[in-house]
Amino acid sequence: MGIFLAIPILSIATILQSAVISRITLLQGTADIVLLIVIAWALQKNVKTGWQWGLIGGLLVDFISGLPFGIYTIGYLLVTGLTLALQARIWRLAVLVQLFATFVGTILIHALSILVLVIRGTSLPLQDVLQTIVLPSLILNLFLAIPVYSIIRELAGLVYPEEIEI
Amino acid sequence: MALGGYIEPLTRLALAPIVAAQTWTSKQYQGFKEFVTAPRDVTVIRQQNAKLNAENARLQAQIVEIQQQLTEYEILSALLDFARAHPTHQYLGATVIGRDPSPFLHYVIINRGSDDGLRKGMPVVTQKGLAGRIAQVTARGARVELITDPSIIVNVRIQPSRSEAILTGSITGDIVLEQIPQDADVVPGNLILTSGLGGNYPPNIIVGQVTSVKSQDFALFQGASVQPVTDFSKLEIVLVITNFNPVEVAPLIPIPETP
């Protein structure tokens, strides 16, 4: 069931990301709503489709992004792996894991983007990049992490209702 | 006796309690009537209120829609003026439907693609001047690389000195001029136009205005900051110049022979 939900939900999120979220900037930084959804989904109890959501989310964003194909897919899959590893260890503090994975995930995806752009020969002054893109994006992502987590938890609760032992 | 007015005090005395009683009765009746009919009126008022609220919401939505149409009309009108001012080009209007999800890239996505005749490399302008060029095309959409993107290079001419220079974008969205000859007389306020060199953009499209000049005696070239004429944060509708074919210079660059 989770895998069937991934395509419509992540498609809507990707469209929102391109049409709305990318226009709401803090300096040059923007939030990454698809990343937040992928992390939040992977953190839900009973959810076994975290990897699939990471893959689908990455492919969808790669499809509309001008970065070389695969950057977001690799990035989201790495973040999903990190999230699942953290969740297995500290599953009681899912909200904290969401915040930590958002922090690491944002930096990881930005690091991948910078690496690819530098290889392509784009001039990227590190201080400007950190001040105008990475830190503002990090702030926006952390700001949205908890609301996105709450929405996805509700959704996961509908898809995978908890079993009550009698 | 009555005509003589002798009964008047008696009549007044007798009628006074009757009038008082009638007043009291009337008041009670009015109160009762209000009590009985008021709930019905409240229901009617509430219905009317709901209807008026709905009407108000509809009119508000209509106002927003009309304002949007007005803005769109103003943009289209300005685009038409631009097209009339540059009659040698053929234009295709397109709506900006999104931006690149990566904050590192200054790209926008438009709702026209190869089905509409768009090709990679076609210049994109707004009513004010140059916006960028098409970087990638799909059947129904295209990605436009804006002149603020750090990987873009535009050959430009500075007016009125007619000096040639190179315009590049940056990660912060600012655009700068590089390789301005040292002897060029460049001052803030000078206009920047495309030069047409390199064959990537048609000549004489306004790009921006010089805001500050960086000149050092020991440097080979001068540099300058440029204020673009287009507000890239508010891009809504753009024109694609469809009859301009960028020149592919790669085949002209000699490949060094390996011994």
Side-chain angles (χ1 to χ4, degrees), chain A residues 13-35 57-58 60-69 71-72 75 106 109-118 120-138 140-141, chain B residues 94-111 113 120-121 124 132-154 166-179 223 225 228 231-238:
Chain A
T14 309
I15 291 166
L16 271 177
Q17 176 71 41
S18 173
V20 182
I21 307 283
S22 291
R23 291 174 197 246
I24 304 166
T25 57
L26 181 62
L27 297 177
Q28 295 292 319
T30 56
D32 188 342
I33 202 89
V34 182
L35 171 74
L60 285 169
V61 179
D62 268 332
F63 185 68
I64 60 161
S65 175
L67 283 173
F69 198 88
I71 294 297
Y72 278 97
T106 306
I109 287 166
H110 283 192
L112 280 172
S113 306
I114 292 166
L115 183 71
V116 167
L117 289 171
V118 167
R120 282 209 312 201
T122 308
S123 164
L124 294 174
L126 195 62
Q127 195 179 348
D128 285 349
V129 167
L130 285 175
Q131 281 178 354
T132 61
I133 297 181
V134 179
L135 287 176
S137 299
L138 201 55
L140 288 172
N141 277 347
Chain B
T95 305
V96 175
I97 55 167
R99 287 179 178 270
D100 198 283
S102 171
F104 293 93
L105 302 177
H106 296 247
Y107 287 8
V108 293
I109 300 159
I110 57 172
N111 67 341
K120 186 182 172 184
V124 178
R133 64 174 180 171
I134 292 179
Q136 198 181 348
V137 188
T138 60
R140 307 290 295 276
R143 186 178 293 127
V144 177
E145 186 179 26
L146 302 176
I147 56 169
T148 51
D149 192 82
S151 63
I152 210 161
I153 291 173
V154 186
I166 286 174
L167 181 134
T168 58
S170 71
I171 201 78
T172 54
D174 299 326
I175 53 175
V176 289
L177 284 182
E178 292 173 357
Q179 299 190 17
S225 298
D231 184 355
F232 293 101
S233 63
K234 290 177 183 167
L235 271 188
E236 288 179 24
I237 301 171
V238 292

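A note on names: the letters A, B, ... follow the listed sequences, proteins ahead of strands, and every chain is numbered from 1. Bear in mind the structure is a predicted one, so any value in this text is a computation, not a measurement.
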For this session: Would you indicate whether the side-chain heavy atoms of A:I64 and B:P101 approach each other to under 4.5 Å?
Result: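 The answer is yes, as the side chains (C-beta and beyond) meet within the 4.5 Å cut-off.
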Exercise. Given a strict heavy-atom distance threshold of 4.5 Å, which part of A:Q28 is in contact with chain B: side chain, backbone, both, or neither?
Worked result: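 Both parts, backbone and side chain.
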Problem set entry | Part of A:L67 within contact of chain B (heavy atom distance under 4.5 Å) |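 The answer is both parts of A:L67.
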For this session: Measure from the side-chain N and O atoms of A:S18 to the backbone N and O of B:R99, and report whether any donor-acceptor pair falls under 3.5 Å.
Result: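 A pair under 3.5 Å: yes.
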Problem set entry | Winner by heavy-atom pair count (cut-off under 4.5 Å) against chain A, out of B:A135, B:P103, B:S170 |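 Ranked by contacts with chain A, first place is B:P103.
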Exercise. Where on B:L235 is there a heavy atom nearer than 4.5 Å to chain A: the side chain, the backbone, both, or neither?
Worked result: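 Contact with chain A involves the backbone of B:L235 alone.
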For this session: Could you look at B:V108 and say if it's the side chain, the backbone, both or neither that has a heavy atom under 4.5 Å from chain A?
Result: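 No part of B:V108 comes within 4.5 Å of chain A.
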Let me check something: any side-chain donor-acceptor pairs from residues 120-129 of chain A under 3.5 Å, sequence neighbours excluded? List them with distances.
residue: A:T122; atom: OG1; partner: A:L117; partner atom: O; Å: 3.4

Problem set entry | More than 12 heavy atoms from other groups under 6.0 Å of CZ on A:F63 |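 No, because the 6.0 Å sphere around CZ of A:F63 holds 12 heavy atoms or fewer from other groups.
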Exercise. Just wondering, more than 12 heavy atoms not from A:L16 lying within 6.0 Å of its CG?
Worked result: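 Correct, the count exceeds 12.
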Can you name the nearest heavy-atom pair linking [X] to [Y], along with the distance?
X	Y	answer
A:R23	B:G98	NH2-N, 3.7 Å
A:G66	B:L105	C-CD1, 3.4 Å
B:S102	A:S65	CB-OG, 4.2 Å

Distance, nearest 0.5 Å, that separates [atom1] of [X] from [atom2] of [Y]:
X	Y	atom1	atom2	answer
A:L27	B:T172	CG	OG1	10.0 Å
A:S137	B:F104	OG	CZ	7.0 Å
B:I171	A:L130	CD1	CG	11.0 Å

